[in-house]
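One structure is given below, encoded as structure tokens.
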2 protein chains.
Amino acid sequence: MEYTAKPATNDRPTRFHVAVDVVALTIKRNLLQVAVVQREGSLSCILDRKSGYVQEVPREPFDYALPGGHVKLNGENLIQAACRELFEETSIRVNPEDLVQIGAYGEVGRDPRPGRTVSIAFVAFSPDFASPFAGSDAANAKFMDVVEVLADPNRLEFDHNQIIRDAISRVRELMERTPIALKFCDEEFTLGDLRHVYEVMFHHAYNPDAETLRFADRIRREDSNSDSFAAEQQIHVLSKAFMESSKNELMMTMPMNDMRMGLSSGRKMTRDQDVYSKVQNLLAEEYRRASRVSTPGEKSAREKMKLSFDAANFARKAEVIEGFIERVPGKTRHSSSGTGKPAQVYRRGKAEKLDPPLIIPRRATKPTKRPAK
Amino acid sequence: MEYTAKPATNDRPTRFHVAVDVVALTIKRNLLQVAVVQREGSLSCILDRKSGYVQEVPREPFDYALPGGHVKLNGENLIQAACRELFEETSIRVNPEDLVQIGAYGEVGRDPRPGRTVSIAFVAFSPDFASPFAGSDAANAKFMDVVEVLADPNRLEFDHNQIIRDAISRVRELMERTPIALKFCDEEFTLGDLRHVYEVMFHHAYNPDAETLRFADRIRREDSNSDSFAAEQQIHVLSKAFMESSKNELMMTMPMNDMRMGLSSGRKMTRDQDVYSKVQNLLAEEYRRASRVSTPGEKSAREKMKLSFDAANFARKAEVIEGFIERVPGKTRHSSSGTGKPAQVYRRGKAEKLDPPLIIPRRATKPTKRPAK
DNA sequence: GCAAAAGTGTTTCCCCTACACCCATGG
DNA sequence: CCATGGGTGTAGGGGAAACACTTTTGC
């Protein structure tokens, strides 16, 4: 993704534009969703995979962008600008405290339009944003599943693809060390609600890692009956993609390192992007299958997607963290599925920091059962 | 220190300036050091603790700033700008890969000069920067101990105080999950060198936490003989400061939340800042004592400061991480102190990510020895 | 009754810490 | 020799995962 000088334009940027972009996340139906908009106009700013440049191309119906826009010069902090833009474009209201900065994105050429734009990205949280998007400006806004947005044939403008991945990675880190997960919950919540937030946010679909490698193995087995050479070829490419995306996961731990992009040649980047999107599409397909409403007797979506942690141990982990959550004495609530024992209701504690942190193991649990002692 | 409140400026900002600031870290004599410069001109931009605003005041000899400056409009990415500015102002050369973005700082009023400046902060690493600062522009640049820079009577301009703390916090996180610590080491290094990097970077002087509370306790004991009421009062204030700074530590995990400043009243800000600087001065004093050259027979600085991890276990931890470090077969090197067994020499491995992560326990090891089984 | 989810209890075992010990060097 | 730091071995305890089991609801 090197955005070197765009060949066509003779006009060099005369001034800086400072913008904000907002990754508004919510959880619906066991899925992580992000708010996207369709900008006005007949052109989209899309990364051309052949050339490696972001270019203005005719707008397709599947082009999306993150809500965002220019910061006002006077009397408006970055976070305030993010709140305002989010509301203007999606009619979603969030408090400034619910926004966390991801980082600054400022490569030359990340925006092909006149001038030079540096964008500061934020993440917003809410248990359930108002869905209707009644606002007139928000007519083109909607929530989409993250895996779908990242998969073909959808396209995200600018470097918003990267911003979303950075955002998820950042949120994960924060969820282990701060009570940020509670922003996804209502004021009163059950341990199941809380666990659910962690389960979705840490799902391997957003974290192509060791877990995903096993997924690749499954594909390999399924394909082993058909054209084996082509399948092997395909898997090889996929494996490489997994490794690459795993590296991306690392890169996500730091806000976008502009230079890193500059270092990889356009050609290489292009290829990686292509494999990545293949992987993304496989994940999306998996997701679509799993999230289909289960017929009775069939395993639930959560189970099919291996989405659940051990409830008992998670509860113990969470409760031992001082000031994280506190019981509302005597108050219980039914789980969302309707059935099951009513659960204890909790409130947010006073701690601003999880000590000890609530670490979610990233590695697949080792298959080493007991090697004959 | 009495500053006249900044007169209400009638000139509102007409344009955005985009700047970069660089936190250039190195380790010298067991101490973490940061490159600072003294800007030209007769005015410094200092946070006035009474009003809570950054104001231009007459320059004092102890005023410092981070190296940094404006990003060029054309053909210069943010990281490139950071490299350039760092070199221009301090004659330090770093590779773009050695820079990591911390975040964007863009509050209204963070720079009292005309226009509105949004600054992107980066961290730079090197095992040993060229000290001389021969460059003409770099005459006013030098490395200073981090604790000293943050302590009175030194002053840092703008919000650079916060940026340094953010930087350290970010570096810590990265050191646990990425091989970034190796950037502080030479190409060939020993496990002792590597451990040293972790020891310094995770020293409690930069992390006023549980560890620091014990430090406060010691002060309490030492002062118990003198005016006890005043001492208790003082300790109470200090404890509060520790808690506050501990909260800051959390806040540091996310890039500066612009709103946070806006939310806390000027008054509160002022008080917290004052206690913090007291604590900072105590830490600095401790540091000065400990880093004095030990007379023979006296404990070494490292030991006095309880700086050392368990070497054996650290080595095992590091070696088990796949692709982190790899031995240079048969090659050994003497430790820097001259004495002791020559150590195995290592090189950087291929991994971009530490899996499993090299977690440094933040909590004080529990005093629970063995409670009589 | 049965499925589903919340809790509680318990066992096992891994990993991490701490410590003891030996090795190799310079002075 | 001794002080110093590198490196290996090992016992023990804390804690997390895994699992069994009870409880309470809706259907």
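Hydrogens, waters and symmetry mates play no part in the numbers below; they use all other heavy atoms, side chains included.
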TODO: Mind checking side-chain hydrogen bond (donor to acceptor under 3.5 Å, both in side chains) for B:Glu188 and listing every partner two or more places apart, or none if nothing turns up?
DONE: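 Expected list: B:Lys331, B:Arg347.
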
Task: Contacts of B:Gln33 that satisfy side-chain hydrogen bond (donor to acceptor under 3.5 Å, both in side chains) - sequence neighbours left out - done: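 side-chain hydrogen bond (donor to acceptor under 3.5 Å, both in side chains) list for B:Gln33, sorted by chain: B:Asp145.
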
- [ ] For the pair B:Phe314 and B:Phe309, name the ring-plane relationship: parallel under 30°, tilted 30 to 60°, perpendicular over 60°.
- [x]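 Judged by the thresholds at 30° and 60°, the geometry between B:Phe314 and B:Phe309 is tilted.
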
Open item on the list: Looking at B:Arg348 and B:Asp186, is any side-chain nitrogen of the basic one under 4.0 Å from a carboxylate oxygen of the acidic one?
Closed with: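 No salt bridge links B:Asp186 with B:Arg348.
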
What is the separation between atom [atom1] on [X] and atom [atom2] on [N], rounded to the nearest whole Å?
X: B:Leu194; N: D:dG6; atom1: CG; atom2: P; result: 12 Å
X: A:Asp310; N: D:dA20; atom1: CG; atom2: P; result: 12 Å
X: A:His196; N: C:dA6; atom1: NE2; atom2: C1'; result: 16 Å
X: A:Phe309; N: D:dA18; atom1: CZ; atom2: P; result: 12 Å
X: A:Leu358; N: D:dG15; atom1: CG; atom2: P; result: 15 Å
X: B:Phe189; N: D:dG5; atom1: CZ; atom2: C1'; result: 18 Å
X: A:Ile321; N: D:dG15; atom1: CD1; atom2: P; result: 13 Å
X: A:Phe314; N: D:dA18; atom1: CZ; atom2: C1'; result: 17 Å

Task: Partners passing salt bridge (charged side-chain N to carboxylate O under 4.0 Å, His left out) against B:Arg316 (at least two apart in sequence or in another chain) - done: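 With neighbours one apart ignored, the set is empty.
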
Open item on the list: List the residues meeting salt bridge (charged side-chain N to carboxylate O under 4.0 Å, His left out) with A:Arg327, not counting sequence neighbours, and say none if there are none.
Closed with: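 Partners of A:Arg327 under the salt bridge (charged side-chain N to carboxylate O under 4.0 Å, His left out) test: A:Glu319.
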
Task: Residue A:Thr339, side-chain atoms from C-beta onward, closest of D:dT25, C:dT25, C:dA6 - done: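 Within the option list, the nearest is D:dT25.
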
Task: Residue whose closest nucleotide on DNA chain D lies nearer the 5' end, A:His334 versus A:Lys317 - done: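 Taking each residue's closest nucleotide, the earlier one in sequence belongs to A:Lys317.
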
TODO: Please state whether the phosphate of D:dG6, meaning OP1 or OP2, lies under 4.0 angstrom from any side-chain nitrogen or oxygen of B:Arg195.
DONE: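 For B:Arg195, the contact criterion (side-chain N or O under 4.0 Å from OP1 or OP2 of D:dG6) is met.
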
Give me, pair by pair, the N or O atoms of the protein and of nucleotides 7-10 of chain D that are less than 3.5 Å apart, along with how far apart they are.
{"residue": "D:dG7", "atom": "OP1", "partner": "B:Gln344", "partner atom": "N", "Å": "2.5"}
{"residue": "D:dG9", "atom": "N7", "partner": "B:Arg316", "partner atom": "NH1", "Å": "3.1"}
{"residue": "D:dG9", "atom": "O6", "partner": "B:Arg316", "partner atom": "NH2", "Å": "2.9"}

Task: Side-chain heavy-atom pair B:Tyr198, B:Leu358 within 4.5 angstrom cut-off - done: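 Yes, their side chains come closer than 4.5 Å.
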
